[in-house]
Each structure stands twice: as structure tokens, then as C-alpha cells.
Q: 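What follows is a structure written as C-alpha cells; I'll ask about it next.
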2 protein chains.
Amino acid sequence: MNKQPKYRQVADALRRDINNAVYGPGSRLPSESELGEHFGASRNTIRSGLALLVSEGLISSSQGLGYEVRKHEVFELNASRFENLTFPQNGDAYNTDVTAAGRRPSQTFRVEVAPATEYVAERIRVARESTTVLRFCHRFVDDVPWSTQATYYPDWLVKEAPRLAEPGDIEEGTTRYLAGIGVEQVGYRDEIETRMPTPEEARLLDISAGPVLLWTRTGYSDTKPIRCTITTLRGDLNRLAYEIGNLSALEEELLP
Amino acid sequence: MNKQPKYRQVADALRRDINNAVYGPGSRLPSESELGEHFGASRNTIRSGLALLVSEGLISSSQGLGYEVRKHEVFELNASRFENLTFPQNGDAYNTDVTAAGRRPSQTFRVEVAPATEYVAERIRVARESTTVLRFCHRFVDDVPWSTQATYYPDWLVKEAPRLAEPGDIEEGTTRYLAGIGVEQVGYRDEIETRMPTPEEARLLDISAGPVLLWTRTGYSDTKPIRCTITTLRGDLNRLAYEIGNLSALEEELLP
DNA sequence: TAGTGGTCTAGACCACCTC
DNA sequence: AGGTGGTCTAGACCACTAC
């Protein structure tokens, strides 16, 4: 027989109850002491079991309140909608998508000059530590921190497109502004990863547990890379989607 | 002054040392008792700090051995390489990509009849719990569990394409087999999410800590969905890539 | 004020690895 | 055998929330 440690038995029992909706989304779990009595375990052992479920993203805890079953709400970002002149939009797809979902987007924004990290440098093909312009966005949906987005532009491009270095939004969108001065983004390469947040990311995105989704887009003109955008998304709140090829079958679904 | 709890101070100090390569990748950390003496904390407090770093994916622990700084090795899957007749490949891109990276792929494979989960049913547009054929793949790279892949085919398609329900591989690849009988996949919709693994996933993929990357591809003919493939990837080992548009600038990079 | 979770301790015993 | 991490206990005190 495969004997599990007691804290795992506690976690398994509670997980089963949560999946079977004995404890529904948003409802509160019994207190640590009550669970301790129920399972015949010390408070610390119960806490180990609960910590497992917290790390799995099933429950969350707040001091003075107790443990609560988390409700899941996912926002989908369409990453394949082409960022070009055929889709008029401000900045990028974010405002469009969030508003379309009936939610209220907001953001803080800043521009700075920053040395290229190794990660960025190899993608926009500049020397490590060389100067870049960083346009940084901290995004919220209904005032909940949702994602951060950092776009790096190489120095040579900023010389051609000085408005990139100016603080404040570019009304018509950076992609369109660049196209207007003859630098057109004709393709991009996306990379998607996941990992646990750094303490800094956890602070910015108000993450108490669970992973982040990292989405890097390197945009190319017909001759060279022109930007690198790194988006850090709360994993529990976001999903990325790509639609590729002929999807006429999908559109029909939405007809009356 | 913002006083951090002692176990966080421990974690922060060790994290800094790891990032500054005081403890390099693959090297061992001092034992819990040594750290306890160093930081003037009880063993349990030290363990809380170390647990934080484990959950962040920075270190791993093994009973009897100690804590080790993890080395990162990421395998990139190109998800946008079109799955059609222009790219000859077995099954899908997996074998091609892994072999190209100089690694040894292996897999176990099974076919079964399974009722559609709600998630699958809404994607291939069949009734919940209706019959589907599930082709399941457990994949390894150099014998390390890497990902699982489950593809669901709707019942109506299996009637037209009976080999889908036969156990064993389809030599020329399922996409090509289907094209051969007139069911061509002309487009697909990908969805990408992340979360912590379920206990079952942790077992199959041998995950001690860290998230999984979930990649769902729904394939369409010109009139309806024909399959739904759910790939579960170890987050620490995998990255997804999409290349879209004109990337002639990227190809040049690889010339002499 | 009472109840909740958050931190911390001191000590015990077990399971696993290396020598 | 000796050292490592893994589990578990009993108890203390603190911080936060509710009433």
C-alpha cells in the first residue's frame, strides 16, 4: 500500500470536495483549527495541506478571513490579429479586445531610455547594453492588475522615428506611426513561455500564487528587427489565441 | 521601515546569491542546519524560505542529497509551421523538431474511445459526453518526460476515416491520411494557457514544482472542426513559437 | 473582543543517500 | 553510521478582520 503523508491526504480530501462542489467557487473553507480537529492533525500539518492547494491555484487565503475557493475568469487575447493598417486600433489590440468584452481597460504608461538586456539585444540584433528606448505599459482591467508590457526599440530606429522617445501616447499607434515614415512591420516572431513570477512581477501584478505567461513579440521590417515587446500576463486571468489559415468554418458559428 | 518576515529575508538573500552566481547552476546549497546557524533561525524557518525558492523554480531538493540550483534548458516548439502536405513529417512536428535539436525523441501511444469532456465538446462542436476517438501520446526527450498530447476526433469523422480508431501509429501522419480521404485541415485555432499541474499531470510529467503550459489546437476543414488536440507541456522545459508574415529578415541571420 | 490566518521555535522521528 | 531532507507535533505570539 502506498501510504501518503497526512498533509497530502488532507489536500486530496479537500481537493476532491472542491471539485465535487462541496465547497463551491467563492465559498469559504472551515478554519484551520476546525480542519485540524476533523482530520486529527496539528494545525501545522493542516497548513501544509492547504498550502498545496494554494500553490495549485484552487484556493486563496487572507489574514483574518480564512480560505476561499477561487473562481476562474479568463480573458482571451487574440495574438494573431495582424497588427497593421487593415485593423484600425489605438496602440495595439489591448483596448479593442478588453472593451469588446464589456470590461473597462486602464493603463499607466512611461517612456525611458534603457540599456538592452541580453534577451532583448539578441532579438533586436544590437549589442548587449546598447541604448534602446523602452515604452512601458502597466495594464488593468476593471482596476485589477492584468499585465505589463515593455517594448524596446533599437537606437537607430529612434533616430529615424523621434516620437518613439517622447513621453506620452502615440495617438495613431506606434505601428502605424512607423509605417508612416517608411518602416513597415511585415512580420513577427512570437515566443511564449511560463514560469513562476519574480517578487517584482508578483508585486506589479498583485499575484499571491500561480504562474505568469510570458509573451515576447519581435517585429520585423523586410530587412531587420525593429522592436521587441515583452508582455507579462497573470496566468490565472489570461489566455492567448492564434487563428491561422482559413477559418470560414469558425465564422459561421457566430451567425444567427 | 517595511520589515519582512525572517523566512523571506532568507529567501531574498539566497535568491540574490543565486542570481549573482555565488551558487552557480547545478551547484549545491549549504544544508538546512548550516543555513539555520548562518541566519540565526530555526530549521523550520529556513525550510519556509527554501520552499519559496523551490516554488519559484530556482532550486530543487532531493531527500538525502540537499538543495541544488536548477539549470535551465528550454526546448522550442514551432507551432506555426503549417501542418500540411508541404512539410513532410511523421505525425506532427514533434519528431522533426526534437531530432533537429540533436536530441532523442521517444513516445508511448494509445488509442481509445472516450466521451467528450465539456471543453472538447464545445470545440469540435459535438454534444457533451458524446463518443469521440482519443489518440494519446506521452512524449519524452532523452527519456525525460516532456509532454502529453491528446487528440480527440468526432465520431462522424471516424466513420469516414476508420483508421483513426485503430491502435498504432498512422505512418504518413493523421493530417495527411485525412487529406487523402478528402478531409483537409485548412486552418486551426490555438489557445494557450498556463496553470499549476494537477496531481495526475505532475505524476505523468514528473513535475516537482512549477507550472505547465497548455496548448489546445482545434483543426478545421472548410466547413467544420475536425479535431481538438490538447498538449500539456512542462513549463520549465518548453517554449512555443509562432512565425507570422514575411520573415525574410530572420532567414538572413542564418546565412554565412 | 474573539476568531482568523501568518510567523517562529524546539524537538522528535522517518526515509533516503553516501561512505 | 552519519548526514541530508521530509513529516509532524505542541505551543507561542503577532497581524488582520469582523462585530
Side-chain angles (χ1 to χ4, degrees), chain A residues 1-15 18 23 26-70 199 202-203 206-210, chain B residues 1-15 18 23 26-70 199 202-203 206-210:
Chain A
M1 196 51 200
N2 223 334
K3 176 129 189 333
Q4 287 267 61
K6 203 186 275 186
Y7 76 95
R8 284 192 183 275
Q9 297 176 28
V10 171
D12 291 345
L14 291 173
R15 193 187 298 106
I18 291 169
Y23 303 112
S27 69
R28 277 203 31 206
L29 258 47
S31 74
E32 293 177 344
S33 2
E34 287 172 310
L35 290 170
E37 199 158 334
H38 180 347
F39 286 104
S42 79
R43 190 181 154 220
N44 281 335
T45 301
I46 298 293
R47 281 179 65 78
S48 300
L50 289 167
L52 255 188
L53 300 184
V54 169
S55 84
E56 288 171 17
L58 282 179
I59 62 177
S60 63
S61 68
S62 348
Q63 209 169 31
L65 286 175
Y67 291 84
E68 182 171 304
V69 180
R70 292 189 45 180
R203 193 179 58 75
D206 192 23
I207 297 175
S208 58
Chain B
M1 194 51 199
N2 222 331
K3 176 134 189 330
Q4 287 267 58
K6 202 186 279 187
Y7 77 97
R8 283 192 183 276
Q9 297 176 27
V10 170
D12 290 346
L14 291 173
R15 192 187 300 107
I18 291 169
Y23 303 112
S27 70
R28 277 200 33 205
L29 258 47
S31 73
E32 294 176 346
S33 0
E34 287 174 309
L35 290 170
E37 198 157 336
H38 180 347
F39 287 103
S42 78
R43 191 180 153 220
N44 281 335
T45 299
I46 297 294
R47 281 180 63 79
S48 299
L50 289 166
L52 254 188
L53 301 184
V54 169
S55 83
E56 289 172 17
L58 281 180
I59 61 177
S60 64
S61 69
S62 344
Q63 209 167 30
L65 286 175
Y67 291 85
E68 184 173 302
V69 180
R70 291 189 47 180
R203 194 179 57 76
D206 193 23
I207 298 176
S208 58

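In the text below, chain A, chain B and the rest are named by the order of the sequence lines, each starting its count at 1.
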Q: Figure out the CD1/C1' separation between B/I46 and C/dT7, and round it to whole Å.
A: 14 Å

Q: Between atom CD in B/Q9 and atom C1' in C/dC8, what is the gap in whole Å?
A: 13 Å

Q: Grab the CZ-P distance between A/R28 and D/dT17 for me, whole Å please.
A: 13 Å

Q: Less than 4.5 Å apart, any side-chain heavy atom of B/I18 and any of B/I59?
A: yes

Q: For the pair made of CG in B/L35 and C1' in D/dG5, what is the distance, rounded to whole Å?
A: 12 Å

Q: Nearest-nucleotide wise, let me know which of A/P5 and A/R43 is further upstream toward the 5' end of DNA chain D.
A: A/P5

Q: What's the closest nucleotide to the B/S42 side chain, out of C/dG6, D/dT4, C/dC8?
A: C/dC8

Q: Is any side-chain heavy atom of B/E32 less than 4.5 Å from a side-chain heavy atom of B/L35?
A: no

Q: Which whole-number value in Å describes the distance from A/Y7 OH to D/dT9 C1'?
A: 16 Å

Q: What is the distance, rounded to the nearest whole Å, between atom NZ of A/K6 and atom C1' of D/dT9?
A: 9 Å

Q: Short question: side chain of A/K6, backbone of A/F39 - any donor-acceptor pair under 3.5 Å?
A: no

Q: Can you list, in residue-number order, the parts of residues 50-66 of chain A that come under 4.0 Å of DNA chain C, counting heavy atoms only?
A: A/S61, A/S62, A/Q63, A/G64, A/G66

Q: Within the 4.5 Å heavy-atom criterion, are A/P199 and B/R8 side-chain neighbours or not?
A: no

Q: Within this structure, what is the NZ-to-P distance between B/K3 and D/dA15, rounded to whole angstrom?
A: 10 Å

Q: Rounded to the nearest 0.5 Å, what separation is found between the OG atom of B/S27 and the CD atom of B/E68?
A: 8.0 Å

Q: Using the side chain to side chain contact (heavy atoms under 4.5 Å, CB included) definition, which of the options A/L58, A/L29, A/T45 pairs with A/L50?
A: A/L29

Q: Find which nucleotide of DNA chain D each of A/A41 and B/R47 is nearest to by heavy atoms, and output the residue with the more 5' nucleotide.
A: B/R47

Q: Are A/K3 and A/Q9 close enough, and set up right, to give a side-chain contact (heavy atoms from CB on, under 4.5 Å), and what steps lead you there?
A: CA-CA 9 Å; A/K3 176 129 189 333; A/Q9 297 176 28; 4.0 Å; yes

Q: Within this structure, what is the CG-to-C1' distance between B/N44 and D/dA12, rounded to whole angstrom?
A: 14 Å

